[in-house]
Amino acid sequence: MCRSKGLRITGPRRIIISVISEMADYPDIVELHRRIQAVNRRISLSTVYRNLRQLVEAGMVIRHTFEHGRSRYELAGRLHHDHLVDHKTGKLIEFHSPELETLLDNLAAQHGYKVVGHRLQVYVEASTAADPQD
Ligand SMILES: [Zn+2]
């Protein structure tokens, strides 16, 4: 995929992509760097920054920005999903709702448009009535 995007496959880039593809919890760059260093200690934070920027520009990685906190990263090309964001802990919960997608399609159609893409972040906090699942 790197090749088709015109990006050279360097050692650090390979490690960064493999670490991102294995993580399910959308770490920020500091945590990402920590995990990358567990694979190769010599990869610096600035190398991770530079490579992430290039991967985002090439459309291979999605950068999520939230109301507070650092940006977090996800490999592109996965099945469409939206996110609940626990605004206290920053925890991300993926969801996919066909009803919601239909609602958005209808909403756009009412205004003479069709949806070509969206990214939804719903800020939530654990309800006191229910035990928050982990
Ligand atoms: Zn959606």
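Order of listing sets the numbers, starting from 1, for every ligand and every atom in it.
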Completion exercise
Between D82 atom OD2 and H118 atom NE2, the angle centred on the Zn ion (ligand 1) rounds (to 10°) to 120°
Practice task
Kindly report the NE2-the Zn ion (ligand 1)-OE2 angle for H80 and E101 respectively, rounded to 10°.
Solution key: 100°
Handout entry: Electrostatic pair K91:D86 at N-O distance under 4.0 angstrom
Key = no
Practice task
Supply the atom-to-atom distance Q37 CD to L45 CG, rounded to the nearest 0.5 angstrom.
Solution key: 8.5 Å
Completion exercise
When rounded to the nearest 0.5 Å, the distance separating OG of S21 from CD of E74 is 12.0 Å
Practice task
Please determine if the Zn ion (ligand 1) has an N/O/S atom from H96 lying under 2.8 Å away.
Solution key: no
Practice task
Report yes if the distance between the aromatic ring centroids of H64 and Y26 is under 6.0 Å, otherwise no.
Solution key: yes
